[in-house]
Structures are given as structure tokens and as C-alpha cells.
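Residue numbering restarts at 1 for every chain, and letters A, B, ... go by the order of the sequence lines.
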Amino acid sequence: MFDLDAGDEFDLVVQTARQFADDALVPAMRDAERAREPDSGLRATWNEIGLAALELPEAHDGAELGCLARALVNEELAAGDVGATLALDTFGPAATALLEVGGNDALAAGLAACDRGASRLLLISGDDADCGIENDGGGERLSITAPYVHAEAAGALVVLLDDRALLVESGFDFEPVRGAGLRASGGASLRADAAPIAGNWENAEGASRARARARLYYASLLLGVMRSACDFSAEYSQQREAFGRPIGHHQALAFMITDMRMALEAARLVVHEAAWRVDRGLPCASEAASAFAECIEVSRMVGPNGVQILGGHGFMADYPVEKHMREARALGLLCGGFDAAIDEAGRTLVEQTTPLALGASGAL
Amino acid sequence: MEFTVDPETRRAIEQARELGEKELRPAGLEADRRGAPIAPDDPFFARCIERGEGRTRWRGPDDSAKSSGGPRSVISTLLVMEELAYWDRGVIIATPGPGLPENNVLVMGTDEQKERFLGPFLEPDRPRWACFGMTEPGAGSDAAAIKTRAEKDADGWLLNGAKCFIGGASRSDWILVQATLDPSKGRKAQRAFFVEQGTPGLGGFQIEKKMGLKAYESTSFTLENVRVPASHLLGGEQRRESNAGFKTALKSFNAGRPAIAANAVGMARAALDESIRFAREHDLLEQDRVRDRIEAMARRVRKARLVCLKAGWLADQQRPNIIEASISKALAAQVAQEATSMGLELIGSVGSRGDHLIEKLYRDVKAMDIVEGTGQVQRMIIARSLVGLPR
Ligand SMILES: Cc1cc2nc3c(=O)[nH]c(=O)nc-3n(C[C@H](O)[C@H](O)[C@H](O)COP(=O)(O)OP(=O)(O)OC[C@H]3O[C@@H](n4cnc5c(N)ncnc54)[C@H](O)[C@@H]3O)c2cc1C
């Protein structure tokens, strides 16, 4: 069966996310960027709509809707303001990372460490930081140096390595940096010197699934940013005139806008299929990595083209397209970015003889 | 959401795979090596008929004929098309049957026309073909500009003009020829006519030398004072004044473009598998650059397949799919070309010898961005809805 309808349950949460994005995130976008955080009003509304617990198991008072629901919701939120989304969703992809690697106990420890989301539970991918574990006799300790994380405070860190996840509740410092994008989420370099490890769960398969979910988390945010860039620039191209007609009626721009839309449409389907695989418990590491890579590749085209369509106006902060361009790039550098993604996807692919043969495992 | 293949389609894919491996791939490679289409009397075609191929989907005058079987939903059809094209797209098109014009006849033909022109395809006694002649030396994308004239007189219709690149024209029982009643009136004045092989004035058949897809013939021909009876106007006399109903029938739904897209996906996937095989045989899989190319190819296959299936899924849901159909075709053709090209980079100078499957795929797949509306034409269609691009 091939079916692209999300279903009523998903439609409802997507609708909620879209409304929050349109009514709350978009109007506050530049303020949140300047303040480096969403204001308290936004936070209060966010807490009311309850989207943070979308993926958490029911045992942890979550909606247990899975990775695909998260992807759909993330696209909506990021189409509003991706920086604020990262700040508001205090679990980010860290909670599901704990769940995948260490199960319910790990998740419970993580939720307690961030006071159930009152502070941020920040995922640090081993691809984005230098991490070293040492044992001084009194237990394992972790040192981290990360040049950039999209936060400047957190209740706890979840460090995701190839074969394990670590929970770190203290002993780390943030030094704020300006941030190329995602400023509404804050931005800092992160350092920990021999921080105590509060939890250490070893599970290579779980870590692989956790990485897949993290990549899809950011990939779906990229979809939202790109959608905004596509929509805004396509709309603008029908208002602005040059050489006697709307600029969008010049074929060079019409085709550019078409190519942006086609690429976005394809990237979205690839993300949804990978997320669906996660939810079905099917192999998903390669697919998720590939989906993230696809979103990054497309965003490298969509971001700058969105600005190009507005010309000089696009370059100015009066319009959102410059923000889309910066934020898309910043998102695409997370979790090891494009190179780590294609590396993982490629390694899995070449283990097989005919990796995309139709119907071999029931899935496409 | 669901991204699975149902068991029935999986069986159809499996059959296509067996047929592809045994018959289609070898026949395609052979035609490519010889540089000529598979001859109409080649035993390959007789075997097609024996297997039950080459039949019409029409179920006979009293709806009693056995359905030609095969997958039912558009999605299912697309998946099987992908698999068949994986083995050889040129050979698929060469396969006997009522081909491209069948749909037009089913949608718009009169009962008599179905009986006369599709009837012989119910239980064909030999391999039979039919084809659709739209393109002319002077007009392809701009189909409104075709010049082939149709003039009515007391005895029927008189056709004059020239067509080119028409698949299977010289071997077809009949050609559905698109002609204009008045060249100054564009698409509105165009009608389609059945022209049977052997009709005086139909001639000058010239099989083109093509870059790829050599297994089937693409043929130019001329129509010089070709006389056909009034009953050969597709849709019958009632269509003489207006074609409106026909346009509506084809407007909201398109399965042809996703089918080309599915073909492109199949070809790109073949290039992917060949690349992996080559890299494995030559101990290249440990090289980052090689794996990166394979990943890039696989990613293209994956996304092209999904956009194609989305267009098919909408069609199955009876939901308008014009934009998605164009997206699928424009995107799949382009990324499949990229994928085969990357495959060539991977095999390096072996690809320059001209005898490697990936090199053949690279040539074959180019046509997917040209036939049934070029990539640019698809973008025009999409842009009309996205930004109101004027016609
Ligand atoms: C292998 C093969 C099989 C075929 N089989 C058949 C068949 O069975 N029956 C049949 O009728 N035809 C067939 N064709 C013909 C095919 O449909 C045409 O080649 C196609 O429609 C393009 O027309 P053209 O070749 O005249 O190119 P042109 O229309 O001359 O186009 C040339 C270039 O200009 C671009 N272009 C044209 N107009 C615009 C515009 N407004 N804006 C931007 N760019 C534009 C096109 O995209 C293309 O890149 C076949 C072609 C091939 C290659």
C-alpha cells in the first residue's frame, strides 16, 4: 500500500502547529532573533498546546505519535520561525535519543534532569564535538569541546556517540557566540572539562536509530524553512514588476521558482518515508541520513535563490528570505552535516547488491 | 501514511524481474550493439504474443473479453513500469500492442472505432502495433503549431503533411494522426484521424538513427493526399465541430508523465546497481569518493521514485495531479540523467568504450526529458499554477 494521507490524528496536530506558527511565531520572528530567545508569552502558548511531548511514550505522559508526526509538526513550526522552535522544544531530539539508546529508564533520567522540559535537554552529536571519556577512579568523566551549539543554557546534555548515549547534568559551560542563524535559540560554544557522567547507556543499534531521528528532526525543520523561502519568494515574484511584467512571469525566474518547489516536494517525501521507517521499526539509518543530506543539498539551492528572487530587497533584513538563507545553512551543519550523512548512507548502501530493489522487504 | 508494496504488485514486479532478466535486457543490449530496432518478425515478438502481451485493455463489444490482466492501480502500474525499464526501456516500447493511442481511443473513440481498431488487439494472431503521430519536423513542444492539414470533402477526409520521430510507425497497423482543420486556430482546430497502413499516399517511412533506445523504431513519414473515410475521425462526426469533451476527459488527471518518470527511475536504478557491482568487482568500495557517488545516485533514485508515486497515488484517489505529474516527469528525468552520468564517472574510461550498460543507460535516459513534453514544457505547466506564468 502506498498512501500519503497523514490521517486525522496527525492532521489535528499539524493544524495546531500551523496555527501557532502563523499566529505566534511569525509576528515575533525578528524580536525573538534580537532577544536571542522567544518571549514569555510565546513560551506560555507553546506549553499550552503540548507539542513538546508529541513523541514521548504514554508512560511519560506523551502522545506517542512517533517520528513522522514530529516531522510534520516540525515543518509547520519551522515555516514560522525555526530559531524559536528550537528554543521552545526544550526536548529537541535529545529525549528520543535517550529512549532509543537506553529505553524508558534513560528517558526518565533525562526528563528529571531537565525538570520535564523547564530547562533544555540538549543533544550533542559526537559528529559536532570533540568528546573524550576518562576514568579517574571515581567514575567516568566526559570532556567536550563544541565550537557551536544552538543554545546558551541547558538543564542537561545528552551526548550521542556511535555506540552509546551519555547524560551529563553538570560541569559544562556555555560561552555565547553571535550565531550565523538560529539566534532565537541562543548560540554558544560549549565546553566541559571532566564533567561527571550521570548516565551511560551502551547500545550501538539504538544509537544508530537515535542518530536517524536526530537527522530527521533537523531535516524536517529544514523543510519548513525552505517552504517559507519558496512561498515568500513565489508570492513576491507575482507582485514585483520589472520590464513591464511581474518578475515571476520572466521564464528565468519562473523556472527557478519551479525548480525550488520541485526539489522541496521531493525532499519532503524522502523525509516522510524515512520517518515512516523509523516508526515501523524498519532499518532507517541510511534512509534518514540520505533524507537529511537531500534536505541540505536542496537548501543550498533554495536559500540563496529565495534571496535572489527578491534582488537587493532580499539582501536586507526587512524581508525574511535572508534569514531563511542563513538559518537553512546553520541547520544543515548540525549532526555532522552533509558529509557525515552521506558517509553513513553510503556505507550502508554498498553493503547490498541491489539496495533499492522494489518490494524486497515489503517497503519501497 | 504507508510506503509499502502490496503483495499482488510485488508478484507483478517479480514477474517483470524474471522477464526482464531473461528477455528484455539481452534484447536491448543486442539492439543497441546492432544499432537497429528489433525487426517485426523477430521471434522475440512472437514470444511476447505467446505470453499474452500486446493485447488491448478494451474488453470487446459486449465487455466480455478477458481483461489483459496486469496491475490495476496507477501506483501498481508505475512500480511495474519502473521494474521493466530497469531491464530495458527501449524494448518495452518496442513490444507489440495498441501503445500510445490506445488511451485516446478508449476515452474518445466510438464503439465502431474501438471494434475496428482495437478489436484486432483482443486476441492478436500475430504481433501488431499502433502509434500516435503528433510531432512534425516543424513543431514538437508547440503542438498548436502542427501543419498537417485535414480537409473535408464529400468522400471523407484528405490529409497532407509530414510527421517525425513516431514510435513504431512503419510497422503499425494504423497511425492515429493529429492534424489541423485550420492552422490559424491552434489546438482548438486539431483532430485525430486513423490512417491505416497501406493507405495510398502514406509513405516515405524513414527509420531515424537514434542516440539510444535503439530497440524500437522512431520513424518519420509523409502524408500526401491521404484519403480516409469520415468514420476515421477519432470520436466520429460529432467531433468535427468541437473537441471540448475530449480535453475535459484528459485534463484533470495524467498517468502518462508519471509513467515516463517511472521509466527514468528504473533506468537510474539500473545504473546504480551496475555502479555498485563495478565498484565491488574492482575493490573500490573503500574509497570515500566512490561511496559518495553511489549515495548520490541512490538518493536521486529514491526521490524520483517518490515524486512519481505521489503523482500516481493522486490519480488513484481521483484527485487532480497535473502539477505533480509534471513535477514527477521533470524531476525524475533530470535526476536520472545525473545518476547515470555519475555512474559513468565511477566506471571511468571503461564508460568511454561504448559497450558498458551504464553508458547505454546514459544515452537511453536522455529521451525521458524530451518525450511527452520536455522538461521545459513541464516547468511551464508548473509555473502557470505557481506564479501565473502566462501561456
Ligand atoms: C525517442 C523519441 C520518441 C518519440 N516518440 C514520439 C511519438 O511516438 N509520437 C510523437 O508524436 N512524438 C514523438 N517524439 C517527439 C517528442 O514528443 C518531441 O521531440 C518533443 O515534444 C519535443 O519537440 P521537438 O523535438 O520539436 O523540440 P522543440 O519543440 O523544437 O524544442 C527544442 C527545445 O526548446 C525548448 N522549448 C520549446 N518551447 C519552449 C518554451 N516555450 N519555453 C522554453 N523552452 C522551450 C524545448 O524544451 C527543447 O529544449 C519522440 C521523441 C523522441 C526523442
Discussion item. Let me confirm one number: the CG-CZ distance from B/Leu386 to A/Phe255, rounded to the nearest 0.5 Å.
Written reply: 11.5 Å
Worksheet item: Are side-chain heavy atoms of B/Gln376 and A/Gln251 found at a separation under 4.5 Å?
Response: no
Worksheet item: Under 6.0 Å from the CD atom of A/Gln308, do we count more than 12 heavy atoms belonging to anything else shown?
Response: no
Worksheet item: Does A/Glu273 pair with B/Lys303 as a salt bridge, N-O distance under 4.0 Å?
Response: no
Worksheet item: In terms of heavy-atom proximity below 4.5 Å to chain B, should A/Thr353 be classed as side chain, backbone, both, or neither?
Response: both
Discussion item. Report which part of B/Glu324 has an atom under 4.5 Å of a heavy atom belonging to chain A: side chain, backbone, both, or neither.
Written reply: side chain
Worksheet item: If you round to the nearest 0.5 Å, how far is OG1 of B/Thr4 from CZ of A/Arg280?
Response: 7.0 Å
Worksheet item: Should A/Gln352 and B/Ile276 be marked as a side-chain contact (heavy atoms from CB on, under 4.5 Å) after you check the CA-CA gap, both sets of side-chain angles, and the distance that decides it?
Response: CA-CA 8 Å; A/Gln352 302 153 64; B/Ile276 294 176; over 6 Å; no
Worksheet, complete the sentence: Comparing B/Ile382, B/Ile323, B/Leu309 against chain A, the one with the most heavy-atom pairs below 4.5 Å turns out to be B/Leu309
Fill in: Atom CD of A/Glu64: over 12 foreign heavy atoms under 6.0 Å
yes
Discussion item. Looking at chain A, which one of B/Val335, B/Ile327, B/Leu272 has the largest number of heavy-atom pairs inside 4.5 Å, strictly under?
Written reply: B/Ile327
Fill in: Exam field: side chain A/His249 to backbone B/Gly388, donor-acceptor pair closer than 3.5 Å
yes
Worksheet item: Given the options B/Arg300, B/Glu83, B/Arg305, B/Gln378, which has more heavy-atom pairs under 4.5 Å with chain A than any of the others?
Response: B/Arg305
Worksheet, complete the sentence: Applying a strict 4.5 Å limit to non-hydrogen atoms, the region of B/Arg17 in contact with chain A is side chain
Worksheet entry | Region of B/Leu389 that comes under 4.5 Å of a non-hydrogen atom in chain A | both
Practice prompt. Give the minimum heavy-atom separation between A/Met262 and B/Ala330, together with the two atoms involved.
Written response: SD-CB, 3.7 Å
Practice prompt. First locate atom CG of A/Leu356, then atom OH of B/Tyr86, and finally report the distance between them rounded to the nearest 0.5 Å.
Written response: 10.0 Å
Worksheet item: Contact part of A/Glu344 toward chain B, heavy-atom cut-off under 4.5 Å: side chain, backbone, both or neither?
Response: neither
Discussion item. Please classify the contact between A/Asp259 and chain B as side chain, backbone, both or neither, with a heavy-atom cut-off of under 4.5 Å.
Written reply: side chain
Worksheet entry | Heavy-atom contact with chain B under 4.5 Å, split by part of A/Phe338 | side chain
Fill in: Proximity breakdown for A/Glu297 and chain B, heavy-atom pairs closer than 4.5 Å
side chain
Item to complete: Would you give the length of the straight line joining atom CH2 of B/Trp313 to atom CG of A/Leu4, rounded to the nearest 0.5 angstrom?
Response: 5.0 Å
Worksheet item: Just by modelled atom types, is the B/Phe3 backbone N or O under 3.5 Å from a matching donor or acceptor in the A/Arg277 side chain?
Response: no
Worksheet entry | Contacting moiety of B/Leu79, where chain A heavy atoms sit under 4.5 Å | both
Worksheet item: What do you reckon, is CZ of B/Arg289 surrounded by more than 12 foreign heavy atoms closer than 6.0 Å?
Response: no
Fill in: B/Glu281 atom CD, over 12 foreign heavy atoms within 6.0 Å
yes
Discussion item. Quick check on the interface: out of A/Gly346, A/Ala234, A/Ala254, A/Ser290, who has the most heavy-atom pairs with chain B under 4.5 Å?
Written reply: A/Ser290
Item to complete: Could you tell me whether a side-chain N or O of A/His272 sits under 3.5 Å from a main-chain N or O of B/Met1, the two making a donor and an acceptor?
Response: no
Worksheet item: Heavy-atom distance under 4.5 Å to chain B: side chain of A/Ile247, backbone, both or neither?
Response: neither
Practice prompt. Name the region of B/Arg293, side chain, backbone, both or neither, that has any atom closer than 4.5 Å to a heavy atom of chain A.
Written response: neither
Worksheet item: Relative to chain A, which of B/Leu331, B/Asp288, B/Val290 shows the most heavy atom pairs under 4.5 Å?
Response: B/Leu331
Worksheet item: So which heavy atom on B/Ala383 is nearest to which on A/Thr258, and how close?
Response: CB-OG1, 3.6 Å
Worksheet item: Shortest non-hydrogen contact from A/Leu349 to B/Ala298?
Response: CD1-CB, 3.5 Å
Fill in: CD on B/Glu295 to CZ on A/Arg347, rounded to 0.5 Å
12.5 Å
Item to complete: Name the region of A/Ala293, side chain, backbone, both or neither, that has any atom closer than 4.5 Å to a heavy atom of chain B.
Response: both
Worksheet entry | A/Leu253 side chain near B/Val387 side chain, heavy-atom distance below 4.5 Å | no
Worksheet item: Between A/Pro355 and B/Ile294, is any pair of side-chain heavy atoms under 4.5 Å apart?
Response: no
Discussion item. Is B/Arg277 in contact with chain A via its backbone, its side chain, both, or neither, using a 4.5 Å heavy-atom distance?
Written reply: neither
Worksheet item: Does B/Arg291 reach the main-chain N or O of A/Ile342 with its side chain, forming a donor-acceptor pair under 3.5 Å?
Response: no
Worksheet entry | Gap between atom CZ of B/Arg302 and atom CG of A/Leu269 - 0.5 Å precision | 13.0 Å
